[in-house]
There are 2 protein chains.
Amino acid sequence: MIEHAHIHAFENIVNKENVYSDKAHLIAYSYDATRERYQPDAVLFPRDEKDVSNILRYCNEHKIAITPRGAGSGFTGGALPKNGGIVLAFEKHMNKILEIDTKNLVAVVQPGVINKDLQKAVEKIGLFYPPDPASEEYSTLGGNINENAGGMRAAKYGITKDYVMALRAVLPNGEIIRAGKKTIKDVAGYNTAGILIASEGTLAVTTEITLKLIPKPKFTKAYMGIFPNVEDAMNAVFKSLAKGANPVAMEFLDSLVVSALKRKLGIELPEDAGALLIGDVDGNVQEEVDLQLAILEQSFKENNASGFEVSNSEEERVKLWYARRNASPSITIYGSKKLNEDISVPRSKLPEALSFIYAVGKKYNFKIPCFGHAGDGNIHVNVMVDGNDQKQLELGHQAIKEIFQLVVDMGGTLSGEHGIGLSKAPFMEIAFNTAELELFRSIKKAFDPNNILNPGKMGL
Amino acid sequence: MIEHAHIHAFENIVNKENVYSDKAHLIAYSYDATRERYQPDAVLFPRDEKDVSNILRYCNEHKIAITPRGAGSGFTGGALPKNGGIVLAFEKHMNKILEIDTKNLVAVVQPGVINKDLQKAVEKIGLFYPPDPASEEYSTLGGNINENAGGMRAAKYGITKDYVMALRAVLPNGEIIRAGKKTIKDVAGYNTAGILIASEGTLAVTTEITLKLIPKPKFTKAYMGIFPNVEDAMNAVFKSLAKGANPVAMEFLDSLVVSALKRKLGIELPEDAGALLIGDVDGNVQEEVDLQLAILEQSFKENNASGFEVSNSEEERVKLWYARRNASPSITIYGSKKLNEDISVPRSKLPEALSFIYAVGKKYNFKIPCFGHAGDGNIHVNVMVDGNDQKQLELGHQAIKEIFQLVVDMGGTLSGEHGIGLSKAPFMEIAFNTAELELFRSIKKAFDPNNILNPGKMGL
């Protein structure tokens with residue numbers, strides 16, 4: 001517990017109403033999507049960048065740990081105050097869209113803005129912010145930047161880091177820095193924004209974000225292909241891309257997921273559906289969309305697709321996406337607890353990676369339904385276990401460790417979207433060599449010599 | 001001068017034939033496009049990553065400065081061995097395209113590969129590597145990554161950093177690190193690749209580069225618009241983009257450049273041409289190209305364009321681009337020495353920035369022809385002086401300092417493409433606050449505690 005004098009100091013900085021230190025609120029800020037719990041000593045709601053600066057300067061002097069928090073929707077514990085101290089929350093004050101600049105095609109936002117709110121605001125005027133993590137309805141752009149959030153549209157449009165033009169941030173010593181510019185080109189000084197992205201709140205606290213926008217494509221259609229097995233589906237992916245297809249999304253569901261969708265939600269899908277590919281194509285002219293669909297249809301049929309459906313209205317599009325949207329909730333039929341990992345391999349290695357994952361499932365007698373982003377190689381691997389069976393949980397974690405090792409051996413990564421946080425920290429040594437880990441520690445020290453920012457995360 | 005024992009040690013590492021220490025070769029490696037000269041003590045040609053590692057480890061132990069060098073085509077002295085020591089050159093051995101992976105749409109290359117060679121190799125199989133610095137015919141991808149090279153196609157396709165998926169690099173202590181992966185998504189560990197890009201060879205030596213490729217658009221047409229003045233041309237840019245145009249390039253030539261093109265090269269352009277916009281539009285279907293051209297034509301005419309030309313063949317396209325391609329050589333009619341800076345401002349500030357630049361020209365009685373990338377706000381500002389007149393040179397530098405100050409005040413950057421190197425190091429304090437400069441020094445120290453890598457660059 002931190003001393004009462006510190007609470008008093010924080011009240012002086014941000015005003016009494018912006019400091020929570022009562023039990024109920026501390027519990028409310030003690031969890032995230034991992035369901036693990038670590039209670040902070042206080043929750044602070046800075047009103048502006050100056051508050052953030054004053055808080056950090058004070059905490060740095062007194063060596064008080066700070067955990068910046070967006071919506072608390074992370075899957076790896078990035079927003080959990082593992083070492084107590086304070087949680088810095090942005091939803092109360094620092095949650096404004098400051099500017100949508102149509103001449104420069106950029107948006108300037110505070111960290112507490114919800115991803116989808118920005119998407120809606122820019123789409124109203126014909127612009128587009130593509131990154132669409134599954135949490136888009138509630139996760140914040142501050143969190144998205146610090147976790148480098150991905151999403152379904154990454155296949156064509158890339159991920160969060162591809163849209164960050166500039167950041168303002170506060171260093172642990174309270175100093176305010178600007179990283180990047182509202183210009184497409186800027187090569188003066190180190191690319192500090194580049195290292196702040198995906199740093200999981202361990203290097204600096206983001207106070208303002210400048211994001212690139214693009215023109216919103218005028219036409220979008222959804223497609224669905226039904227395949228007898230995973231291999232055919234993956235070959236259809238490769239074939240399509242090699243022929244010049246550039247789908248917005250190319251999502252994959254395996255036979256376990258398909259079966260769960262049929263059993264749990266009664267979705268009508270052919271009996272022989274061993275794998276599905278669902279996605280969108282878009283363009284500024286109808287002919288571009290037609291071309292994309294033609295390439296997909298041909299490539300799918302050449303790889304034994306038994307059906308190729310296309311949406312002809314927004315209603316039909318929602319219907320085609322229904323299976324993909326419900327993949328995650330449906331698979332609970334296989335076990336009460338889902339050990340959900342988001343590995344990513346070079347797209348070409350997906351068939352091999354999936355065969356191995358199913359073999360691991362067979363070895364341990366777990367169902368491991370897989371779905372995700374075939375277009376970019378990022379797959380959600382769900383080891384389904386009985387959450388009340390300690391032995392099963394242990395074996396589940398053992399299975400995941402084997403999967404991680406294989407993924408890394410294939411040139412893949414522990415995490416395509418969720419980050420390392422606390423959950424994946426034990427696996428950092430599988431993924432990085434001693435020199436790389438040592439470099440991470442040196443970078444951390446360069447920004448945060450007293451280790452006050454989100455300590456204990458990323459295995460640092 | 002370094003001791004002979006060191007030369008001998010280098011010969012042991014890379015073999016005698018890969019160490020140059022004779023006068024003629026040292027002179028050959030003492031310059032770059034700035035025309036300043038600093039002679040190295042030796043030039044080494046590593047055969048592979050292991051050689052690089054051994055060289056760095058040795059130099060780190062003996063505190064010998066190392067300057068990595070691509071083609072030596074940089075405009076700011078990044079490849080100049082200001083403090084002597086060794087130059088590390090990649091053109092002899094580490095110049096191979098290692099892989100063009102059509103399933104994952106990536107290329108893996110060594111640092112010495114020339115940009116255009118990669119472009120040609122991937123275009124042969126329907127793929128596309130968009131970054132096209134003006135030096136593309138000779139600059140290397142290792143140099144491009146370390147300077148974060150831009151180019152004409154940045155307006156639509158972004159710059160070098162948008163295509164770097166992974167790097168292998170050697171730290172000053174000789175340790176080999178991998179940064180990033182051959183996957184679109186990777187959020188495990190710090191984004192080390194992000195900070196290595198644009199680091200001007202001061203943090204690590206790049207030994208292998210994995211680049212994202214995209215499908216090559218099937219149709220490209222060039223366009224040219226002729227405007228009575230700069231303001232109309234810029235308003236046409238804003239109007240086009242606001243209406244959803246997404247041109248590959250949107251290049252701008254001012255009236256001084258237009259006049260030089262007419263006088264020096266006899267290019268036929270209307271007498272009243274106060275500014276030109278030249279560029280390309282592309283698409284996978286003809287209708288997309290037509291749509292883009294229609295938006296441009298309408299926006300141009302609404303802003304007083306007296307002509308709108310479109311290429312209907314590759315020959316016509318080359319002809320339209322001829323004026324832009326010859327902008328740089330033509331302006332020598334205004335002065336024997338060109339003080340060439342590549343400022344970048346938010347696109348919306350271009351008219352204001354240009355007015356100020358012309359006012360500075362008037363004040364000092366210099367011609368300052370400007371041309372460059374209106375689509376992304378990056379303009380080449382050329383202060384033309386008599387190279388033999390010391391007083392003029394001094395005043396020219398004074399004019400540039402005033403321009404830099406204004407650009408920074410407008411939220412712009414000292415450099416859109418060329419980097420800081422030696423030439424712009426004196427201006428770092430205009431662009432960055434004390435905390436930012438201190439952070440740069442801390443980052444440098446985290447990677448290179450003995451300051452052996454490209455010392456004295458970027459004002460660090």
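In what follows, chains carry the letters A, B, and so on, assigned in the order in which the sequence lines appear, proteins first and then strands, with residues in each chain numbered from 1.
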Check: Which residues in residues 168-176 of chain B have a heavy atom less than 4.5 Å from any heavy atom of chain A?
Finding: B:L171, B:E175, B:I176
Between [atom1] of [X] and [atom2] of [Y], what distance do you get to the nearest 0.5 Å?
X: B:L350; Y: A:K103; atom1: CG; atom2: NZ; answer: 10.5 Å
X: B:L127; Y: A:L241; atom1: CG; atom2: CG; answer: 10.5 Å
X: A:L439; Y: B:I195; atom1: CG; atom2: CD1; answer: 10.5 Å
X: B:F432; Y: A:I177; atom1: CZ; atom2: CD1; answer: 10.5 Å
X: A:Y190; Y: B:L196; atom1: OH; atom2: CG; answer: 9.5 Å
X: A:N191; Y: B:N191; atom1: CG; atom2: CG; answer: 8.0 Å

Which of the residues [options] is involved in the greatest number of heavy-atom pairs with chain B at under 4.5 angstrom?
options: A:H418, A:R178, A:M165, A:K182; answer: A:R178
options: A:V345, A:I197, A:N246; answer: A:V345
options: A:G459, A:A198, A:G244, A:A149; answer: A:G244
options: A:I420, A:T434, A:N284; answer: A:N284

Margin query: For the backbone of A:N148 and the side chain of B:K185, can you confirm whether one donor and one acceptor N or O come within less than 3.5 Å of each other?
Written below: no
Heavy-atom distance under 4.5 Å to chain A: side chain of [X], backbone, both or neither?
X: B:T192; answer: both
X: B:A245; answer: backbone
X: B:Q292; answer: side chain
X: B:E200; answer: side chain
X: B:N378; answer: side chain

Checklist line | chain B neighbours within residues 152-162 of chain A, where any heavy atom lies under 4.5 Å away | finding: A:A154, A:I159, A:K161
Note to self: Can you tell me if A:K239 has over 12 outside heavy atoms packed within less than 6.0 Å of its NZ?
What the structure shows: no
Item checked: Option in B:T76, B:T202, B:T102 with maximal non-hydrogen atom pairs under 4.5 Å from chain A -> B:T202
